[in-house]
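Predicted, not measured: the structure shown is a model, and the values here were computed from it.
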Amino acid sequence: MGGDSRPVTATPASRRPRRPDWAGRNYSLLTAAAVATGLGGNGALIASAFAVLEAGGDGGDVGLVAASRTLPLVLFLLIGGAIADRVPRHHVMVAANALSCVSQGAFAVLVLTGDPRLWQMMLLTALGGTGQAFFDPAAEGMLMSTVRGEQAGRAFAVFRMAMQGASLGGAALGGALVAAVGPGWVLAVDATAFAVAGGLRSFLDVSHIPARAPGGGMLADLRDGWREFIGRPWLWSIVVAFSVANAVVGAADAVYGPLVARDSLGGAGPWGLALAAFGAGTVAGALLMTRWKPRRLLLAGMLGIFPLALPSAALAVPVPVGVLYAVMFVAGATVEVFGVSWMTALHQEIPEEKLSRISAYDWFGSIALMPLAAAAAGPAESAFGRTAALWGCAGLVALVTGAALCVPEVRNLRRRAASAPAERPDPTADGSADAERPVGGLG
């Protein structure tokens with residue numbers, strides 16, 4: 001293979017493990033890197049909340065630290081998407097991983113060696129959020145342009161199954177480690193995971209990428225992406241719905257969940273297992289989506305969002321931990337039906353050269369309200385009570401999901417026949433995710 005003229009016998013070749021044609025070298029590296037960050041990052045979410053609580057903070061302080069991560073996402077996501085459509089995406093991803101590694105490592109040292117101040121934790125969390133703002137659009141664009149059109153749904157499902165399986169293990173292990181050795185060590189593990197992931201992504205094969213053509217400027221490229229975004233009602237209506245849903249679910253998970261766990265469920269360990277149950281549900285949902293190909297992609301996906309209201313309702317009661325685990329599992333499974341359907345719809349409908357910009361608008365809209373919701377979670381608890389705030393979260397998720405389903409394009413968007421879209425080049429299985437074409441403008 002690859003110019004090796006030595007004879008190869010049939011027996012060794014027959015023993016060589018075979019991958020599906022869509023699981024090329026770059027796809028495998030991207031999946032392995034996502035597993036590494038999934039293992040570290042989900043434990044770190046628990047660790048950062050309990051680091052604030054152990055430093056003497058309250059629910060409002062936990063919300064401020066959570067908001068410090070999402071605020072840079074709001075500020076830099078669109079710029080990150082524009083850059084990722086202009087320069088090789090793997091460069092953006094590796095640089096973002098390096099920044100996240102440094103910020104999480106410093107956070108770990110701060111917690112392990114001293115008395116962390118709230119402003120210090122907010123600053124380091126904000127640096128990690130900045131790295132994520134540049135990473136997410138590049139990563140999504142790179143993954144989507146790596147897989148073949150006819151195999152996109154299955155490829156995305158397998159990728160998400162691996163990623164969510166790592167999230168499951170990371171959440172369970174993270175909760176247990178926070179309880180056993182403290183949050184500082186869990187943050188150190190996350191920093192190491194970012195280093196490993198960045199190293200893997202640096203090996204992506206981009207040797208055949210043609211030189212990029214000069215673009216028409218950042219603002220022109222962003223306007224082009226905006227026209228693509230706003231011209232598709234199914235796209236912007238779902239992003240608007242998730243702007244609200246992600247905000248309230250994020251506040252419930254980042255602020256109210258740890259507080260309910262501390263007061264009623266037994267602490268970090270049970271809450272980590274609850275998040276792990278959600279992760280187990282996402283693995284099950286992704287496994288389902290490797291086989292199930294709903295014709296109406298977004299109708300099936302959005303119906304799967306209604307159960308996302310259940311965890312907030314369960315915390316409002318609060319239900320026994322066993323019931324909470326079951327609720328989290330169901331919510332994880334159904335939300336993954338949406339996740340795979342959404343990625344398949346984007347891959348099918350969006351021109352390849354605009355994937356990162358559209359991904360940036362998607363991410364921007366989806367997280368725009370999260371800093372406000374996280375920062376307001378503590379005051380809302382003081383004003384209305386934790387139970388009422390959690391019921392409000394559940395009600396809002398159901399409301400915006402129903403509203404999105406009122407849009408005809410959401411209900412009627414159908415899966416195309418098993419062929420790559422006409423406007424999208426069909427990369428080879430081992431081709432780079434950036435093997436697109438020279439980019440004019442930001443995409």
Quiz prompt | Nearest heavy atoms of Asp190 and Ala44, plus distance in Å | solution = OD2-CB, 3.4 Å
Quiz item: Checking Arg154 side chain against Thr290 main chain: does a donor-acceptor pair fall under 3.5 Å?
Solution: yes
Quiz prompt | Phe229: partners by ring pair (Phe, Tyr, Trp, His ring centres under 6.0 Å), with sequence neighbours left out | solution = Trp226, Tyr361
Quiz prompt | CA sep, side-chain torsions, deciding dist, call: Glu349, Trp234, side chain to side chain donor-acceptor pair (under 3.5 Å) | solution = CA-CA 11 Å; Glu349 299 294 326; Trp234 62 268; 5.1 Å; no
Quiz item: Is it true that a side-chain atom of Arg411 and a backbone atom of Cys406 form a donor plus acceptor pair closer than 3.5 Å?
Solution: yes
Practice problem: Indicate yes or no: does Arg160 engage Glu336 in a salt bridge with an N to O separation below 4.0 Å. | Solution: yes
Quiz item: Is there a donor-acceptor contact under 3.5 Å from the side chain of Gln120 to the main chain of Leu110?
Solution: no
Practice problem: State whether the side chain of Glu409 and the backbone N or O of Leu235 hold a donor-acceptor pair below 3.5 Å, judged by distance alone. | Solution: no
Quiz prompt | Flag, side chain of Ser243 to backbone of Val239, donor-acceptor distance under 3.5 Å | solution = no
Self-check item: Under 3.5 Å: donor-acceptor pair, side chain of Ser100, backbone of Asn97
Solution: no
Quiz item: Would you say Ser341 and Met289 make side-chain contact, with heavy atoms under 4.5 Å?
Solution: yes
Practice problem: Please examine the side chains of Ile46 and Pro258, heavy atoms only from C-beta on, and report whether any two atoms are closer than 4.5 Å. | Solution: no
Quiz item: Hey, which of Arg89, Arg25, His91, Met142 is the one that makes side chain to side chain contact (heavy atoms under 4.5 Å, CB included) with Leu204?
Solution: Met142
Exercise. State, with a plain yes or no, whether a side-chain heavy atom of Ile79 is found less than 4.5 Å away from one of Phe134.
Key: yes
Practice problem: State whether the side chain of Thr125 and the backbone N or O of Arg69 hold a donor-acceptor pair below 3.5 Å, judged by distance alone. | Solution: no
Practice problem: Give a yes or no answer on whether the side chain of Ser366 reaches the backbone of Trp363 with a donor-acceptor pair at less than 3.5 Å. | Solution: no
Quiz item: Hey, does the side chain of Arg415 reach the backbone of Leu297 with a donor-acceptor pair shorter than 3.5 angstrom?
Solution: no
